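Here the structure comes first, spelled out in structure tokens, and everything after it is commentary.
Letters A, B, ... mirror the listed sequences (proteins, then strands); counts begin at 1. In what follows, every heavy atom counts, from backbone to side chain, and hydrogens, waters and symmetry copies are set aside. All of these numbers come straight from a predicted model, not from anything done at the bench.
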Amino acid sequence: MTFAPSLHQWFLANQRDLPWRHTRDPYRIWLSEIMLQQTRVTAVIPYYERFLARFPDFPSLAAAPESDLLAAWAGLGYYSRARNLQRAAQQMLALGRFPSTYDEIRALPGVGDYTAGAVSSIAFGLPHIGIDGNILRVIARYTADSGDISQKPTRLRISAFAESHLPADSPGIYQQALMELGATICTPQSPKCLLCPLASSCAARRDGLTTQLPIKLTNKTTIEETRHLLWFSHNDALLLLQHPPTSPRLAGFWDLPDSSLFPRLPLGPPQAQFSHSIVNHKYELLIHTPRLPRRRLPQLHWIPFSRFPELPLSTITKKAIARMQ
DNA sequence: AAGGCGGGGAT
DNA sequence: ATCCCAGCCTT
């Protein structure tokens, strides 16, 4: 059997049972694709169920208070996804329906080449395919492509190969089968070639290159910086700031203020100048950000502890608060 | 063409 | 510690 039929047959027999495979509702499939951007299946599932219970269709999502939306997304990361999700839902509301062509879908905020291809093929059966990290790896190995998969020419070759084998009668199965193979068999480390339906015609396996491919040359170094978070509590309330809506990170999320807002604040002993009635502690933790931009001083608000469950709080902030309480 | 963006699981 | 995850957007 050739490429696509082998994948198809393997997928029907071996696919995982995932929540978004129980529906043909484009809204639910689109939501799953947005949540799955750079996020593992196991991390997404509980968020997906909760989110759909709260926002079952695009009109309810479009009408949601932003704070509710961000609170529902809190912990998933890449929070611009949530804002773009709602903007897209509002565009659907204006349009009066879920967009149903590749170009319409691709034009939605937060939808790039991958997501447009995946929603087109899976939800609408259109002859498109989105190339994700799994598919890049599977095809780079299958064709023994030694090009850098972060480079455009390599991606174009792989995309052309995938499209050349796309079956007109089942693009959605083809799309998901390629990704499923990459996620469960053709994994980055220790791929399970003995279980692979494509093993007999895989060029990387033939040439003994499986563990060498794919090639990815981008070598990003992560710099760790220490943030000194400041804790001001008074009468069962905590002094918090809200990141501006346009902030490049954690937009709309509430956070503990940190020492960069108070340049003259010597770190170490509690600061008496704030008030005798305000308890001041120092808290310190590491975050994975390469820089800490200096912005204008945001306004601080006293937020009662009782409101925290409904507030958008990043995971790291929740951890910091839990440690201090 | 790069860099930035969260958080967690696997190695 | 490092990599990578059903990527997208801005510079």
Side-chain angles (χ1 to χ4, degrees), chain A residues 11 15-16 18-21 29-48 70 73-85 87-88 105-123 128-138 148-155 162 172 174-184 186-191 211 214-225 243 246-253 255 285-293 312-319:
Chain A
F11 180 72
Q15 65 171 306
R16 292 168 292 179
L18 303 176
W20 41 91
R21 290 182 177 158
I29 290 168
W30 163 65
L31 174 66
S32 75
E33 292 300 342
I34 302 297
M35 284 190 168
L36 286 161
Q37 287 169 4
Q38 294 291 283
T39 311
R40 293 174 186 282
V41 163
T42 54
V44 164
I45 289 175
Y47 283 90
Y48 181 74
L70 296 178
W73 202 272
L76 262 186
Y78 288 124
Y79 297 108
S80 65
R81 290 186 292 176
R83 292 174 170 280
N84 287 333
L85 197 75
R87 286 177 51 208
I105 295 166
R106 178 64 177 84
L108 295 169
V111 174
D113 291 340
Y114 162 73
T115 304
V119 172
S120 295
S121 61
I122 298 171
H128 293 272
I129 180 167
I131 306 297
D132 76 328
N134 287 308
I135 300 181
L136 285 173
R137 182 172 58 255
V138 168
D148 179 356
I149 60 167
S150 63
Q151 294 302 305
K152 194 157 193 172
T154 309
R155 288 170 169 267
Y174 179 68
Q175 168 85 54
Q176 295 182 80
L178 273 168
M179 295 191 291
E180 189 78 350
L181 190 74
T184 63
C186 195
T187 49
Q189 277 82 34
S190 36
T211 58
I215 304 291
K216 191 187 293 183
L217 294 181
T218 57
N219 230 349
K220 277 182 284 189
T221 58
T222 304
I223 300 169
E224 282 190 349
E225 288 190 12
H243 292 273
T246 56
S247 167
R249 49 185 226 96
L250 300 180
F253 276 68
D255 206 354
L285 71 159
L286 297 174
I287 60 172
H288 287 297
T289 184
R291 61 184 169 74
L292 224 54
L313 294 168
S314 70
T315 298
I316 200 165
T317 302
K318 283 179 183 170
K319 286 180 180 172

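- Judged as a side-chain contact (heavy atoms from CB on, under 4.5 Å), and not counting sequence neighbours, the contacts of A:Q176 are A:F11, A:R21, A:I122.
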Between the protein and nucleotides 8-11 of chain B, are there any N/O to N/O pairs under 3.5 Å, and if so, what are the atom names and distances?
unit_1	atom_1	unit_2	atom_2	d
B:dG8	OP2	A:K319	NZ	3.3
B:dG8	N2	A:R40	NE	3.4

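- Judged as a ring-ring contact (aromatic ring centres under 6.0 Å, His included), and not counting sequence neighbours, A:Y114 has no contacts.
- Annotation: salt bridge (Lys or Arg N to Asp or Glu O under 4.0 Å) contacts of A:D113 (sequence neighbours excluded): A:R106.
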Show me the donor-acceptor pairs, under 3.5 Å and distance only, between side chains in residues 40-48 of chain A and residues at least two apart or in other chains.
unit_1	atom_1	unit_2	atom_2	d
A:Y47	OH	A:A74	O	3.1
A:Y48	OH	A:R28	O	3.1

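- Distance CZ (A:R83) to P (B:dG4): 21 Å, rounded to an integer number of Å.
- Residues in residues 75-85 of chain A take part in these salt bridge (charged side-chain N to carboxylate O under 4.0 Å, His left out) pairs, two or more places apart or across chains: A:E66-A:R83.
- Shown here are the side-chain hydrogen bond (donor to acceptor under 3.5 Å, both in side chains) partners of A:S121, two or more places apart in sequence or in another chain: A:Q175.
- Listed in residue order, the members of residues 29-36 of chain A having a heavy atom less than 4.0 Å from DNA chain C are A:E33, A:L36.
- Residues that satisfy the side-chain hydrogen bond (donor to acceptor under 3.5 Å, both in side chains) test with A:T115, not counting sequence neighbours, are A:Q37.
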Check nucleotides 9-11 of chain C for protein N or O atoms closer than 3.5 Å to its own N or O atoms and list the pairs.
unit_1	atom_1	unit_2	atom_2	d
C:dC9	OP1	A:G110	N	2.5

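- Considering only side-chain N and O atoms, A:Y78 lies nowhere under 4.0 angstrom from the phosphate OP1 or OP2 of B:dG4.
- Scanning for side-chain hydrogen bond (donor to acceptor under 3.5 Å, both in side chains) contacts around A:S314 gives A:T317, with sequence neighbours left out.
- When the side-chain hydrogen bond (donor to acceptor under 3.5 Å, both in side chains) test is applied to A:S150, the partners found at least two apart in sequence or on another chain are A:D148.
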